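Model, not experiment: these values are computed from the prediction.
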Amino acid sequence: MNENTTGSADPELLHRIEVRRRQLGLTEAELADRAGMSPRYFRHLLDLGTDFSPSGFLRIAAALGMTYQELMEGRTDAPPGQPGASAHPVLMRLTAEACWERLGTHGIGRIALPVHPGPGVFPVNYLVDGDTVVYRTDPAGAAAAEPGGEVSFQVDHIDEHRRDGWSVLIVGTAEHVTDPAAIRRLAEQPGAAPWAGGVRPLWIRVSPAEVSGRRIHGL
């Protein structure tokens, strides 16, 4: 063995292998067998890393039903937060003004409703309309809040490279928008077209009772 083969596998790579192995209900010996190697060689491979045998990890990826890139780098469509937290995170509260600034003019957030067996949380396209948030949905859909009902609306953003993120929460009351002029105006705004497609004629306005937010700053 040369001097360049004495490293160790990346901890995140080992974690992906372990998680996927458990999802498949395989023992380490069974995974090694699937990959066409002995359990001892399999463990040796994990201890020494990809510099020792890139082709070995290609066989492990195939045995796990993953692409080589997915195994080595993680899923491109994985939920945020894969790299882990900052070593010294700082949690700060946002002012109401800073919360509205982060919401911008439109985007995708989550509406939380008191449904049975509830509560239910659903992604929705939103627009900021004055000091309220509005979204459109199917009147018979899961996100169709009852008029006068208490709801929560949440938006967040994660910068994985900087280990930085923020979250804004609005707690308030749902109102159905019924004025035809207001409906036409909202439908013409950028971001009004729902990503989910379909016919979604009901506009719901969330009138805030409380606006709060937090930011995690990685040092």
Does [X] share a hydrophobic cluster with [Y], counting links as ILVMFWY side-chain heavy atoms below 4.5 Å and allowing steps through other members?
{"X": "V128", "Y": "I183", "answer": "no"}
{"X": "V171", "Y": "L113", "answer": "no"}
{"X": "L64", "Y": "M37", "answer": "yes"}
{"X": "V90", "Y": "I158", "answer": "no"}
{"X": "I170", "Y": "F122", "answer": "yes"}

Can you tell if the side chain of [X] reaches within under 4.5 Å of the side chain of [Y], non-hydrogen atoms only?
{"X": "I60", "Y": "L45", "answer": "yes"}
{"X": "L186", "Y": "Y135", "answer": "no"}
{"X": "D164", "Y": "R215", "answer": "yes"}
{"X": "V199", "Y": "D138", "answer": "no"}
{"X": "P11", "Y": "H15", "answer": "no"}
{"X": "W166", "Y": "V155", "answer": "yes"}
{"X": "W100", "Y": "V133", "answer": "yes"}
{"X": "Q154", "Y": "S167", "answer": "yes"}

Which atom pairs, one a donor and one an acceptor, fall under 3.5 Å between side chains of residues 102-109 and the rest of the protein, sequence neighbours left out?
none

[X] and [Y]: which non-hydrogen atoms are nearest, and at how many Å?
{"X": "A112", "Y": "V121", "result": "CB-CG2, 4.1 Å"}
{"X": "V211", "Y": "P208", "result": "CG2-CB, 3.8 Å"}
{"X": "C99", "Y": "G213", "result": "SG-N, 3.5 Å"}
{"X": "I204", "Y": "A144", "result": "CD1-CA, 3.8 Å"}
{"X": "R16", "Y": "M72", "result": "NH2-O, 2.6 Å"}
{"X": "V177", "Y": "A182", "result": "CG1-CB, 4.0 Å"}

Test log, rule side chain to side chain contact (heavy atoms under 4.5 Å, CB included), inputs L13 and F57: CA-CA 10 Å; L13 168 61; F57 282 89; 3.7 Å; yes

[atom1]-[atom2] distance between [X] and [Y], expressed to the nearest 0.5 angstrom:
{"X": "R163", "Y": "I216", "atom1": "CZ", "atom2": "CD1", "value": "12.5 Å"}
{"X": "L169", "Y": "L94", "atom1": "CG", "atom2": "CG", "value": "11.5 Å"}
{"X": "L31", "Y": "R59", "atom1": "CG", "atom2": "CZ", "value": "11.0 Å"}
{"X": "L46", "Y": "D10", "atom1": "CG", "atom2": "CG", "value": "12.0 Å"}
{"X": "S152", "Y": "I111", "atom1": "OG", "atom2": "CD1", "value": "7.5 Å"}

Assess whether atom [atom1] of [X] is packed by more than 12 heavy atoms of other residues, nucleotides or ligands within 6.0 Å.
{"X": "E30", "atom1": "CD", "value": "yes"}
{"X": "E97", "atom1": "CD", "value": "no"}
{"X": "Q69", "atom1": "CD", "value": "no"}
{"X": "E150", "atom1": "CD", "value": "no"}

Listed once per pair and sorted, the salt bridge (Lys or Arg N to Asp or Glu O under 4.0 Å) pairs that draw on residues 110-135, sequence neighbours left out: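 Pairs touching residues 110-135 that pass the test: R110-D156, D129-R185, D129-R205.
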
Stepwise side chain to side chain contact (heavy atoms under 4.5 Å, CB included) test for T137 and V124: CA-CA 8 Å; T137 188; V124 293; 5.8 Å; no

Sole candidate of R43, R40, R21 that passes salt bridge (charged side-chain N to carboxylate O under 4.0 Å, His left out) when paired with E28: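 Single salt bridge (charged side-chain N to carboxylate O under 4.0 Å, His left out) partner of E28 among R43, R40, R21: R43.
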
Trace of the side chain to side chain contact (heavy atoms under 4.5 Å, CB included) decision for F153 with T132: CA-CA 11 Å; F153 176 78; T132 68; over 6 Å; no

CA sep, side-chain torsions, deciding dist, call: R22, E18, salt bridge (Lys or Arg N to Asp or Glu O under 4.0 Å): CA-CA 6 Å; R22 290 179 179 273; E18 180 68 8; 2.8 Å; yes

Stepwise side chain to side chain contact (heavy atoms under 4.5 Å, CB included) check, N125 with R136: CA-CA 7 Å; N125 292 79; R136 64 193 304 180; 5.9 Å; no

